[in-house]
Structures are given as structure tokens and as C-alpha cells.
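Since we're looking at a predicted model, the values are computed, not measured. Keep in mind that the numbers below use all heavy atoms, side chains included, and drop hydrogens, waters and symmetry copies.
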Amino acid sequence: MDDGGLGPDDSAEDADDVDVDVPVERLVADLLTRCTFPPPGTPLACAVSGGPDSIALLVLAAAAGCDVTAIHVDHGLRPGSAHEADVVAAAAAKVGADFEAKTVDVEPGPNLEARARTARFSVLPEDVATGHTMDDQAETVLINLLRGAGADGLAGMAPGFRHPILGLRRCETHRLCRAAGLDLVDDPTNTDPAFVRNRIRHELLPLCAEVAGRDPVPLLARQAGVLRDEVELLDALAAGTLPDPSDARTVARTPRPVARRALRTWLRSQPQPRSQGQSGTRSGSGTPHPPSLAEVDRVLDVATGKTVGTELSGGRQVRRTNGRLRVVPSASGNLTPVTPVTDESEGRSDHVPSWAEPDVGPLLVDEDQLAARVAELGAEITQDYADEPPLLIAVLKGAMLFLSDLCRAIELPVDVDFMAVSSYGSATKTSGVVRIVKDLDSELEGRRVLVVEDIIDSGLTLNYLRRYLNARAPKSLDICALLVKEGEQRVEIPLRYVGFTIPPDFVVGYGLDVAERYRNLRGVHRYKGTDQ
């Protein structure tokens with residue numbers, strides 16, 4: 001949808017049976033009583049696609065006495081779209097407004113409407129005015145409802161300088177444009193059922209009108225206004241009750257609805273990774289997308305101590321450290337890819353002890369790399385669990401060396417326990433059948449638990465282990481894995497701490513074995529043997 005007004009302008013069918021005999025001056029004066037333009041003389045940039053809604057915005061902004069600049073954005077998605085800028089330029093000249101033409105590149109592909117909207121925002125001012133009408137408001141409310149939005153989404157767009165014609169109906173913008181004798185752009189994508197908004201406009205809203213026996217647009221717009229007032233009240237209550245949402249202990253004591261509001265505002269204020277700015281962090285209003293209800297509830301779990309951290313969209317995570325919440329880059333950003341320290345193509349394996357040849361191949365992670373990364377993990381765990389040290393559970397036997405080094409790198413009075421599970425036996429590939437060889441001696445109920453694992457490939461064994469341990473009601477349960485085989489996981493497992501990602505090869509050393517051999521190698525090596 002090539003719409004510089006940041007919302008699909010209406011199509012010609014909405015203009016049927018409108019009265020164009022009313023003098024344009026009287027029509028403009030009547031419409032302005034329901035608009036929210038800034039005071040005369042105020043500079044106002046208007047996004048103008050050339051459709052009737054955005055052209056009406058331009059006409060009314062000029063009539064309101066604003067110092068108007070019409071900005072047209074061409075996405076180049078349709079043949080002849082460059083000509084549409086001429087239509088907008090002519091309308092701007094007729095009402096005495098300045099004109100700017102901008103172009104953006106939007107490659108064909110999925111979610112075209114959202115990507116085009118993001119591209120528009122990248123070249124438009126933050127405070128640009130758009131031509132959204134009451135009909136667009138109703139469509140937005142229904143779109144957000146179908147997406148599962150909460151009160152904020154159902155409150156729709158806020159009236160004001162950014163959306164000055166929200167009080168007008170679409171048929172009225174058509175009437176104004178026809179009365180003013182202005183040329184318009186006809187965008188064929190406004191009837192394309194591939195876009196959700198079009199189906200809501202042409203299918204769902206007419207069906208709602210038929211079922212209700214009345215026009216649903218004013219009802220939806222009025223409901224949005226009521227919810228907007230309630231959202232503002234909740235936000236004010238949350239700000240007064242919980243002025244510092246990063247204080248986890250206070251969040252945990254605050255009533256859940258109020259805590260949700262405070263956390264939602266806090267999360268939205270946190271810096272976004274720079275790369276996310278190009279992938280849709282800005283919503284239709286030009287502001288960062290709010291976190292989902294599921295994300296907010298997971299952050300509440302961190303605040304109340306059910307877990308020490310959680311992932312957020314946009315490559316971020318929330319962690320609890322010394323009783324405070326903090327937003328940091330996602331744990332996936334800590335995955336450290338490694339490459340062999342020897343050149344296999346030349347057949348060198350000088351880092352392999354003679355007693356391990358010929359079955360053991362070159363190093364993937366050497367002794368120094370292991371020591372440095374374990375020290376980093378220990379420091380992170382020390383920070384995250386400072387208010388309540390964890391019980392470390394090592395999965396034997398592979399994790400025994402990793403646990404030994406890791407617990408010494410954690411500067412807290414940690415407890416340690418061991419269990420053994422098996423899905424390999426003496427083979428080099430997991431069988432998928434998990435067997436508990438040794439169970440825990442410790443009670444887990446109400447305790448923070450950190451499982452220390454040596455390596456994750458399919459993830460099936462660890463997934464079973466998580467379910468088994470969670471049944472014992474720990475206060476939190478997180479995973480620290482030394483190695484993760486890239487691309488091998490068959491189930492999704494939330495990993496709080498990761499040492500290294502490695503290629504999907506069988507490896508030995510630093511506690512890892514084949515048939516109980518090679519655990520005492522100082523580094524992690526590829527295994528080249530034939531044992532199965």
C-alpha cells in the first residue's frame with residue numbers, strides 16, 4: 001500500500017452519493033470544528049499519499065492556518081507510482097503548502113504492509129500528521145483485537161496534532177476533495193484482500209453493521225476513547241505506586257495489574273538494539289512497539305523470583321541482579337562461535353596427546369579459551385544470584401570438570417549436588433531414550449536451581465530433565481551449558497548461560513567422553529574414531 005498517510009486511504013466506492021453542492025468554504029468550516037490541528041502559524045508536516053484522506057488532511061491543515069509541508073513517500077512498489085508525487089505537489093500548491101518528495105526502497109516479500117510502513121517512518125518526521133479518520137480508528141481497534149492486544153491496543157490512536165482528523169468520517173474526506181475539485185490518487189492495493197486491513201474494511205465491518213443493525217464505526221471509536229481514558233488513569237496510578245519498576249522486590253509486592261502497567265512502561269522506555277530499528281520497532285504511531293502481555297508476565301516472574309531472567313523480543317532479555325531488574329542483550333548474543341585451532345586440511349593435530357591418537361582430532365576449544373569463558377560465566381552468575389545463591393546441579397559425568405571450575409569462579413556460597421542421566425550409553429549419537437542413573441540428594445522446593453550441563457545437541461535429554469526437576473517445585477530453574485551444537489536442537493530450551501557454540505560434530509575432552517575415554521583431555525576436540 002503506497003500510502004504516505006501511514007494508513008490505507010479509502011477507495012472510490014466510499015464516495016458514492018455524497019453531496020458536492022455545499023460550498024467548499026462552509027464544508028471546510030464545519031469539518032474543522034471536529035479536528036485537532038495546532039494553533040495557526042504552527043509548522044506542521046503532513047504525510048500525503050494522494051488519496052482522499054491525506055489530501056483532505058492537507059486542505060484542512062492549510063485552512064486551519066498551519067504552516068504546512070506536504071510530504072509524499074514513493075515506495076516504488078507499483079508502476080507509475082512516481083507520478084503520484086505530482087498529484088500531491090499540485091494539491092499543495094493549490095492550498096499554499098510547501099512540498100517534499102521522498103523515495104524509499106521496499107523489496108517484495110512477506111509482511112509487505114508492515115515493512116512499507118516502517119520504510120515510510122524512516123524518512124518522515126517523528127511528529128508528522130497523518131490522515132487517519134474515524135473509520136481508520138475502527139479498523140485499527142479491530143485489527144488490534146484480532147492480534148490479542150490489551151487495553152492499549154484497543155484504545156486505538158490518540159487524537160491530537162498527530163492525528164488531527166480522527167473525528168471525521170471517510171465519506172466526509174471524499175466530499176471535501178470533490179468539492180475542492182482536487183485530483184486524487186487511486187491506489188489499487190486498497191482493495192487487495194491480501195492485506196488484513198482491507199478485509200476488515202470491506203468484509204468484517206459491513207458484517208458487523210448487518211449483525212448490529214447500525215453503523216459500528218462510531219461505537220468502536222467511542223469505545224476506544226473510553227479505554228484511552230482508563231489506560232491513562234492506570235498509567236498514572238502505576239507511576240505513583242511504582243515509580244521505580246526496576247526494583248524487583250517492590251514490583252513483587254505491588255498488585256499485579258498495577259505492576260504490569262509499570263513494567264510495560266519501563267520496558268518500552270529501555271533502549272532497543274540498533275538493528276531492531278530497521279525491523280519494525282516503531283508502530284503506526286512512530287513509537288516503539290509495546291511488549292506483549294506474555295513478555296510482561298514473564299518479567300513479573302523474574303521480579304517475583306520464579307526465574308532469574310527471561311527473553312524479550314528484539315534480541316533483549318531481562319535479568320534480576322541484587323534485587324534489581326535490568327535489560328541486557330539476549331543470551332544468544334553471548335554464544336561464542338569457535339573454530340579449530342589447527343588446520344585440518346594440513347593434517348596437523350599437534351595439540352592431541354599421543355595417547356589419544358588416532359581417534360581424537362584437532363582442538364575446537366583450547367584450555368585458555370575454556371578458562372576465560374568459565375571465568376566470565378562465573379562472574380555473570382555471581383551478579384545474577386547475589387541476593388539468593390543457587391543450588392548447582394551437575395549432570396554427570398560430562399559436566400564434572402566444568403562444574404569444578406565454574407563453582408570456583410562463582411563468588412557466592414553455592415550448594416552443589418549431582419545427578420546422572422543417559423541417552424547415549426557408549427554410542428556417539430543420542431538414542432532419544434532418557435534414563436536416570438543417579439538422582440539428587442537435595443530438596444528442590446523453594447530453591448533457586450541452576451543446572452550445569454556439559455553439552456546440548458538434540459536437547460531431548462535436557463528437556464526431559466527440566467520437566468523432571470520442575471515437578472519438584474523449585475523457586476527458579478535455569479540452565480548453564482558449556483557447549484551447544486549449532487543447528488542440532490530438536491526442542492526449544494531456554495538457556496540462561498552458554499559457553500560456546502560448536503559445529504555439529506561429536507566432541508571429547510574437558511569431561512566429555514566416548515565409552516569413558518578422553519575425559520581428561522585439557523581442551524575440547526573433535527572425535528574421529530569409529531566407535532558407535
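Of the possible donor and acceptor atoms, one in the side chain of N198 sits under 3.5 Å from a partner among the backbone N and O of D192. A donor-acceptor contact shorter than 3.5 Å links the side chain of R373 to the backbone of G499. Under a 3.5 Å cut-off, the side chain of K94 and the backbone N or O of A180 do form a donor-acceptor pair. Of the possible polar contacts, none joining the S54 side chain to the V48 backbone as a donor-acceptor pair under 3.5 Å is found. Side chain of N144 to backbone of G153: a donor-acceptor contact under 3.5 angstrom is found. In this structure, the side chain of D136 engages the main chain of T133 through a donor-acceptor pair within 3.5 Å.
Heavy-atom contacts from other residues, nucleotides or ligands closer than 6.0 Å to CG of D183 number 12 or fewer. The environment of R256 atom CZ is dense: over 12 non-hydrogen atoms of other residues, nucleotides or ligands sit within 6.0 angstrom.
Separation of atoms NE2 (H132) and CD1 (I165) is listed at 9.5 Å; rounding is to 0.5 Å. Atom OG1 in T241 sits 12.5 Å away from atom CZ in R253 (nearest 0.5 Å). Atom CG of D152 sits about 9.0 Å away from atom CG of L234, to the nearest 0.5 Å. Considering CG of L168 and CD of Q137, their distance stands at 12.5 Å, rounded to 0.5 Å. The line from CG of L220 to CG of L205 is 7.0 Å long, rounded to the nearest 0.5 Å. Taken from CG in D215 to CE in M134, the straight-line distance is 9.0 Å, to the nearest 0.5 Å.
Under the 3.5 Å distance criterion, with hydrogens and angles disregarded, a donor-acceptor pair is assigned to the side chains of T173 and D53. Side-chain atoms of T191 and R201 form no donor-acceptor pair, as typed in the model, at a separation below 3.5 Å. Between the side chains of T130 and R162, not a single donor N or O lies within less than 3.5 Å of an accepting N or O. Residues D384 and Y497 bring a donor and an acceptor atom of their side chains to less than 3.5 Å of each other.
Under the 4.5 Å side-chain criterion, counting only non-hydrogen atoms from C-beta, V87 is not in contact with L184. Looking at I143 and R197, their side chains come closer than 4.5 Å, going by heavy atoms from C-beta outward. With contacts defined as side-chain heavy-atom distances shorter than 4.5 Å, the pair L364/L483 does not qualify. Side-chain atoms of L44 and D67, non-hydrogen and from C-beta on, never get closer than 4.5 Å to each other. The shortest distance between side-chain heavy atoms of E100 and T69 falls below 4.5 Å. For the pair R466 and I479, the minimum side-chain heavy-atom distance is below 4.5 Å. Taking 4.5 Å as the limit, every side-chain heavy atom of T42 sits out of range of all side-chain heavy atoms of F161. Using a 4.5 Å heavy-atom cutoff, the side chains of R526 and P503 are in contact.
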**Prompt:** Does the salt bridge (charged side-chain N to carboxylate O under 4.0 Å, His left out) test come out yes or no for R170 and E139, once each step is laid out?
**Reply:** CA-CA 12 Å; R170 188 169 292 145; E139 293 162 6; 3.1 Å; yes
**side chain to side chain contact (heavy atoms under 4.5 Å, CB included) between L57 and F37, intermediate numbers included** = CA-CA 10 Å; L57 168 71; F37 287 103; 3.9 Å; yes
**Request:** Could you check D135 against R169 for salt bridge (charged side-chain N to carboxylate O under 4.0 Å, His left out), going step by step and ending with a plain yes or no?
**Result:** CA-CA 6 Å; D135 298 81; R169 295 301 301 269; 3.1 Å; yes
**Prompt:** Does the side chain to side chain contact (heavy atoms under 4.5 Å, CB included) test come out yes or no for F121 and E126, once each step is laid out?
**Reply:** CA-CA 8 Å; F121 272 119; E126 285 286 338; over 6 Å; no
**Message:** Working note: K102 + H72, criterion side chain to side chain contact (heavy atoms under 4.5 Å, CB included); need CA distance, chi angles, decisive distance, verdict.
**Reply:** CA-CA 6 Å; K102 298 181 180 292; H72 178 269; over 6 Å; no
**side chain to side chain contact (heavy atoms under 4.5 Å, CB included) between L154 and L142, worked out** = CA-CA 8 Å; L154 300 183; L142 289 176; over 6 Å; no
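Residue pairs meeting the side-chain hydrogen bond (donor to acceptor under 3.5 Å, both in side chains) criterion with at least one member in residues 221-238, sequence neighbours excluded, are D235-R261. Under the salt bridge (charged side-chain N to carboxylate O under 4.0 Å, His left out) criterion, the residue pairs touching residues 26-44 are D30-R34, R34-E172, with sequence neighbours excluded.
The shortest heavy-atom contact between T321 and Q383 is CG2-O, 2.7 Å. The two residues L263 and P245 make their nearest non-hydrogen contact at CD2-O, 3.6 Å. Nearest heavy-atom pair, T36 versus P159, reported as atom, atom and distance to 0.1 Å: OG1-C, 4.3 Å. Between R324 and S246, the closest heavy-atom pair is NH2-OG, 2.6 Å. Between L124 and A47, the closest heavy-atom pair is CD1-CB, 4.2 Å. When all heavy atoms are compared, the tightest approach of A85 to A101 is CB-CB, 4.5 Å.
Salt-bridge formation is not detected for the pair E380/R496: no Lys NZ or Arg NE/NH1/NH2 atom is positioned less than 4.0 Å from an Asp or Glu carboxylate oxygen.
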